[in-house]
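Following: one structure in structure tokens, then a few remarks.
In what follows, chains carry the letters A, B, and so on, assigned in the order in which the sequence lines appear, proteins first and then strands, with residues in each chain numbered from 1.
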Protein chains: 2
Amino acid sequence: MSIEMDIPVQAADSGRDIDYDELPNYIGYLLRRAQANVFREFERSLGDIGLTPGAFGLLMLIRANPGITQMELANAFGIDKSTLTPVLNRLEQSALVRREQLAHDRRYNALFFEDAQEAFFDRARTRVRDFEQSVADRLSDDEQRELVRLIGKIQADA
Amino acid sequence: MSIEMDIPVQAADSGRDIDYDELPNYIGYLLRRAQANVFREFERSLGDIGLTPGAFGLLMLIRANPGITQMELANAFGIDKSTLTPVLNRLEQSALVRREQLAHDRRYNALFFEDAQEAFFDRARTRVRDFEQSVADRLSDDEQRELVRLIGKIQADA
DNA sequence: TATTGTTATACTCTATAACTATA
DNA sequence: TATAGTTATAGAGTATAACAATA
């Protein structure tokens, strides 16, 4: 089982033939390379909107779930609550999101997407969709569904 | 198109139904989640050998390509030369790898796996293989091949 | 006591730019 | 001038542990 490796970017290769040993068969290695490449592309084509892939995803979740708390959001996104705090600080500073302490239990922050940013969000989402489309276009519809299914299947159950 | 999300680990969910909007359709999001999960599992089951997934991969490449230079290795692994330096420092401190300045062009470091560590490497590789197998076992052989093919296909050409 | 969220801290991974040495 | 490798620096992303506020 062998795959085509993508071409390095740093410098012209001197032409040495690299022996990749078992590495190309390792799922972890494949995922790291694929994720790094896709994120690099995302930043190259969307860097000017000022949102990282993670920040955009969080923003989308907050917008789709008005009043979601920080713990709920962290759990839904698969990160620790302490990882979430600084990202929310940035989103709040950019006036994209606001925190509202719940009156009936003031331990909780309810999170809201700022309606005034709807136009901005819409532009950003269009750009993200275009980007995703450009990636998805490398696969047929069937292949896209299959990839999503297979990636879902390798996730550990716990 | 919908997928099963994996269960959050942090705390029992209060049961709120999260609206994931378009997120589960985004390849970038899927790859991040999958990679984070697989790496977490790697560290949980292999943390005691003292090698991160990246460090193990580099070690495997050095061992398979005795005398490879740092630029060649960085290119082959898809990282910058400046990212490579500290990892090599750690591998050298652990006596797993040594640098040898080339006599005929002293700008280059040739990298060598330390033969004395063959037993250690063998144990580590067995553990990694077992781990990879446990992940791969979630898919049939056909599915494994298909996943590798599809991930390869979505990599940008440059 | 238990939970939410913040803070302090640390570590990995990543890169760019400036630097050293070598050619 | 150009290249290999190191260093300085920065930033994202991640986590654990301790903490304050609240319940």
Would you say the side-chain atoms of Asn65(B) pair up with the backbone N or O of Asp19(A), donor to acceptor, closer than 3.5 Å?
yes

Measure the acute angle between the ring planes of Phe113(A) and Phe121(A), then classify it against the limits of 30° and 60° as parallel, tilted or perpendicular.
perpendicular

In terms of relative ring orientation, are Phe131(A) and Phe42(A) parallel, tilted or perpendicular, with 30° and 60° separating the classes?
perpendicular

Could you go through residues 51-64 of chain B and list every donor-acceptor pair under 3.5 Å that involves a side-chain atom there, pairing it with any protein atom two or more places apart or in another chain?
from     : atom 1 : to        : atom 2 : distance (Å)
Thr52(B) : OG1    : Ala55(B)  : N      : 3.1
Arg63(B) : NE     : Glu118(B) : OE1    : 3.3
Arg63(B) : NE     : Glu118(B) : OE2    : 3.2
Arg63(B) : NH2    : Glu118(B) : OE2    : 2.8

Once base and sugar-phosphate atoms are separated, protein heavy atoms under 4.0 Å mark nucleotides 8-22 of chain D, 5' to 3', with B, S and - as -----SBBBB----B

Nearest whole Å is fine: how far is [N] [atom2] from [X] [atom1]?
X	N	atom1	atom2	result
Leu31(A)	dC13(C)	CG	C1'	16 Å
Glu100(A)	dG5(C)	CD	P	14 Å
Asn109(B)	dT22(C)	CG	P	11 Å
Asn37(A)	dT14(C)	CG	P	11 Å
Leu88(B)	dT7(D)	CG	P	12 Å
Asn89(A)	dG5(C)	CG	P	13 Å
Phe56(B)	dT12(C)	CZ	P	18 Å
Leu102(A)	dT4(C)	CG	P	12 Å

5' priority, DNA chain D, between Ala103(A) and Thr69(B) [closest heavy atom]
Thr69(B)

No-hydrogen, no-angle side-chain donor-acceptor test under 3.5 Å, Asp142(A) and Ser140(A):
no

Does either side chain, that of Asn25(A) or that of Arg129(B), offer a donor lying less than 3.5 Å from an acceptor on the other one?
no

Determine whether the aromatic ring centres of residues Tyr26(A) and Tyr20(A) are separated by less than 6.0 angstrom.
no

Less than 4.0 Å between a side-chain N and a carboxylate O, is that true for Glu43(A) and Arg40(A)?
no

State, to the nearest 10°, the angle formed by the axis through the first five base pairs of the helix from dT1(C)-dA23(D) to dA23(C)-dT1(D) and the axis through its last five.
20°

Looking at Arg99(A), does any N or O in its side chain come under 4.0 Å of the phosphate oxygens OP1/OP2 on dT6(C)?
yes

So how far is it from Glu92(B) CD to Asn109(B) CG, rounded to the nearest 0.5 Å?
8.0 Å

